[in-house]
Amino acid sequence: MSRYVASEIESKWQAAWAEAEVFRATRDPSRPKYYVLEMFPYPSGRIHMGHVRNYTMGDVVARYKSARGFNVLHPMGWDAFGMPAENAAMEKRVHPGAWTYQNIDAMRAQLRPLGLSIDWSREFATCDPEYYGQQQALFLDMYEKGLVTRKSAVVNWDPVDMTVLANEQVIDGKGWRSGAPVERRELTQWFFRISDYSEELLEAIDGLTGWPEKVRIMQRNWIGKSRGLQFRFATTGAPEGFGELEVYTTRPDTLYGASFAAISPDHPLAKALEGDPEVAAFVAECRRMGTSEEELETAEKKGFDTGITVTHPFDPAWKLPVYIANFILMDYGTGAIFGCPAHDQRDLDFARKYGLPVTVVVSPEGADFEVGTEAYTGPGRLVNSGFLDGMEVEDAKAAVIAKIEAEGHGRGETKYRLRDWGVSRQRYWGCPIPMVHCEKCGVVPERKENLPVRLPEDVTFEKPGNPLDHHPSWKDTPCPACGAPARRETDTMDTFVDSSWYYARFTAPHAATPTSMEDAEYWMNVDQYIGGVEHAILHLLYSRFFARAMRETGHLPASAAEPFSALFTQGMVTHETYATEGEGGRLVWREPSEVIRDEGGARLADGTPIIVGPSTKMSKSKKNTVDPEAIIAQYGADTARWFVLSDSPPERDVEWTASGAEAASRHLARVHRVVSEIAQAPEGPAGESDEASKLRSAVHRAIRDVTEGIEGFAFNKAIAKLYELTSLLAKPAGDAPGLVAARREGARALALLQRPMTPHLAEAMWEMLGGEGLIARAPWPEADPALLVEAKVTLPVQVNGKRRAEIAVPSGTDKATIEALVLADAAVRRALNGATPKKLIVVPDRIVNVVL
RNA sequence: GCGGGCGUGGCGGAAUGGUAGACGCAGGGGUCUCAAACACCCCCGCCGCAAGGCGUGUCGGUUCGACUCCGACCGCCCGCACCA
């Protein structure tokens with residue numbers, strides 16, 4: 001009997017697949033297509049268990065759909081631009097490109113042994129000039145269509161390193177490298193006009209029925225459609241040109257509860273007041289915060305009374321003070337609000353701090369109402385509100401809007417929280433924005449024939465600032481319009497741009513235009529997209545926008561406006577975090593491979609104690625990653641694949657532990673042994689016996705259940721059923737008529753069902769069982785409905801919801817018969833103790849409940 | 001702070017209105033063996049000798065029946081627009 005040697009089996013069958021080009025996808029209009037895509041990886045240099053899990057899940061779907069007769073497209077590429085390459089350049093003095101391509105080679109080498117059914121001929125990296133050149137062409141087409149604009153935006157500025165920082169590089173308000181306090185600074189930046197599509201992107205969410213509901217909700221909330229009132233206050237004491245202050249509110253009903261007005265520190269009025277040193281000092285303090293919404297919202301609410309007042313629109317005698325407040329966002333609405341403390345928590349915190357009046361204007365039905373430290377945001381009727389008194393909130397909103405509109409102070413407005421997408425990055429390792437600045441002609445798009453605008457190779461990272469900006473010659477270029485000496489845009493694009501259209505490029509990865517319509521029409525949309533829930537908003541929303549932009553620019557058919565028909569958000573792979581204490585109590589993260597865990601706790605090899613932190617998402621920054629290469633080398637790819645699928649439901653986080661690998665490996669060896677025995681067993685007596693038909697029935701139920709598990713993305717359940725089927729087939733064969741044949745049938749089904757999860761082992765099983773050709777090309781097994789029905793069922797009997805007895809009946813027994821059996825049952829009679837049941841609930845083939 | 005999610009034995013989980021704990025891990029016992037490894041068999045939520053009772057983060061509600069539906073709370077995780 002042959003032993004299970006994973007390495008031999010896996011290299012043998014990978015070679016066979018390559019030889020037969022089983023996974024090469026070619027356009028074939030005579031067959032239905034299926035496009036399965038996992039979010040492509042960032043080439044960090046090593047794969048981790050998260051990658052193994054993600055790509056194995058996609059591979060299960062790809063191989064299953066292939067068995068179901070689909071022409072499957074399953075490509076792979078690299079999300080290769082981004083900051084880590086520049087950080088490596090600074091720390092290790094390697095060129096970001098060299099670093100990135102080395103990482104890609106290393107990761108590809110680790111990925112290929114997994115035996116994924118990928119069409120590697122379509123592979124590309126977003127940092128390939130062929131790819132980013134096409135991205136520049138897209139950018140120019142979008143510019144042409146008015147989808148690109150330039151405006152000013154606030155960034156995190158590190159005054160020491162003279163560079164823009166990402167939010168994650170700002171730690172406690174300081175630059176991560178320099179430690180200098182970060183400043184907010186305005187820069188002119190390139191934007192995609194995604195907000196023009198707010199309504200379309202919002203409405204289309206209803207049609208995304210293949211997406212998880214939680215992602216659809218998050219996207220709706222992110223777009224944040226609101227109906228409100230925009231109106232102008234008359235001001236007193238404001239500088240020239242600020243006779244009016246325009247504010248936006250979603251709670252116009254609370255206008256009589258207003259106690260102050262507030263403007264953003266970035267508001268033009270705040271800037272106009274900066275001549276006053278006190279204002280300047282306060283605004284400067286506000287600017288010492290980072291730009292992230294999270295930071296603004298969690299910071300202590302602070303304000304500065306400008307001395308300016310505004311007049312209440314419904315009462316000329318009523319003046320409200322105007323504050324500059326650190327929690328007002330310039331990006332939302334008009335950058336100015338009125339505060340109604342009783343009905344908004346932030347306004348209330350602010351009012352309590354500055355001693356401003358708090359007037360209740362909405363009272364929950366029939367209650368005498370006061371506000372303490374918690375604002376009331378629920379429904380109710382208006383009070384203390386003049387002509388609004390007694391109205392419901394919604395009616396009062398409409399009434400206020402109508403009155404303001406009639407008096408000409410403003411109007412009802414629909415607004416969206418979604419802002420335009422700022423894509424400018426002051427960095428080297430990204431796709432250059434193909435624009436040219438000319439003294440005479442202004443901003444001019446580069447000519448398409450000059451694409452790609454390539455990144456220069458000879459750059460240095462020693463100097464602070466953007467290497468493209470201080471490169472001696474790269475910027476110099478003739479103006480595409482007039483030919484005069486001009487200078488290139490030195491900003492590169494956000495890496496989210498790269499990942500917003502790669503799915504379309506995979507349909508024609510070598511085309512001389514961004515896409516080829518024939519291929520896009522055949523392969524789009526992605527039928528199943530798989531990735532982490534951390535991308536639920538930004539990446540997916542940007543991709544939805546980009547598919548529309550590519551429709552407008554003729555690069556995708558209108559039918560591909562929603563590029564991902566179905567989405568599955570898999571959970572993350574987590575691991576405990578390990579750290580040692582460094583200088584000044586600062587934590588120094590340690591890799592799991594450095595850590596020795598035993599009864600005494602955790603330590604390094606030299607005895608340094610380890611602080612064990614909670615299990616969190618595996619990340620490079622916390623070094624809590626695990627290298628799957630070792631597992632593959634030790635046990636083989638099928639074991640690694642089996643293990644990541646079996647332990648947790650795919651949508652949930654899985655904590656990586658070493659314990660499962662051994663068990664997975666043992667099980668696969670058992671599967672191999674059981675099938676090998678069955679393949680070599682002598683023919684038994686023909687005919688039909690109870691044992692044989694029971695086994696056949698169990699095999700067909702397993703076919704049904706495993707199929708359901710895969711279809712429903714419940715791979716862990718499918719695997720549980722495969723464990724059961726294996727145990728069943730492992731039972732020693734008797735000499736009952738037909739049993740040997742039934743076991744053979746079961747073993748063939750097992751091979752076919754193992755195929756998506758452990759494709760190499762499945763080929764070996766298929767070969768032992770004398771299957772024809774490659775199992776990778778065999779059709780999926782069908783469960784015979786006649787074998788699925790169970791003859792007898794056991795019904796639990798409850799008395800008042802507590803299980804007291806069981807009765808066995810033929811399946812499909814009618815209610816009356818069951819009732820009689822139940823009432824005659826000894827255990828039931830004991831539980832009843834002479835009482836007469838009030839009611840008998842019989843759920844056929846499921847349960848009986850006797851109610852007293 | 002705002003938005004979204006999750007919470008079941010020692011552990012990963014199953015059951016999505018109908019016998020809570022399928023399947024696996026860890027643990028315990030046994031068979032085989034000179035011995036070991038492998039393999040195979042049995043036990044395994046908690047309390048209790050047992051009968052029985054208790055049990056799905058906490059509290060309350062709906063229902064004949066709730067892990068499942070509703071409300072509040074607690075804890076953990078994800079996102080918050082320059083991480084990818």
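Since the model is a prediction, treat every value here as computed from it, not as a measurement. Lettering of chains follows the sequences in order, A, B, ..., and the numbering in each one begins at 1.
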Does A/R216 make a cation-pi contact with A/W211 (under 6.0 Å, within 45 degrees of the axis)? no
For A/F191, is the NZ or CZ atom of A/K151 found under 6.0 angstrom from the centre of its six-membered ring and inside 45 degrees of the ring axis? yes
Using atom [atom1] in both nucleotides, what's the gap between [N] and [M] to the nearest angstrom?
N     : M     : atom1 : answer
B/C49 : B/U16 : C1'   : 39 Å
B/G3  : B/A81 : C1'   : 13 Å
B/G45 : B/U8  : C1'   : 10 Å

Closer than 4.0 Å, any side-chain N/O of [X] to the OP1 or OP2 of [N]?
X      : N     : answer
A/N221 : B/C2  : no
A/R652 : B/A14 : yes
A/R425 : B/C82 : yes
A/S648 : B/G12 : no
A/R666 : B/C25 : yes
A/K717 : B/A15 : yes
A/N716 : B/A14 : yes

Look at the side chain of [X] and decide which nucleotide, out of [options], has an atom nearest to it.
X      : options             : value
A/Q189 : B/C23, B/G18, B/C82 : B/C82
A/Y42  : B/A84, B/G53, B/G5  : B/A84
A/N849 : B/G1, B/C82, B/C64  : B/C64
A/V533 : B/A84, B/C78, B/C54 : B/C78

Check: A/F192 ring centre within less than 6.0 Å of A/F546 ring centre: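 So the answer is yes for these two rings.
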Report the base-pairing partner of B/C80 (Watson-Crick or G-U wobble, both distances below 3.5 angstrom), or none. B/G1
Does A/E293 make a side-chain donor-acceptor contact with the base of B/C80, cut-off 3.5 Å? no
Give A/R846 one of three labels, base, sugar-phosphate or nothing, depending on what nucleic acid heavy atoms sit under 4.0 Å from its own.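 If one applies the 4.0 Å heavy-atom cut-off, A/R846 turns out to touch the sugar-phosphate alone, with no base involved.
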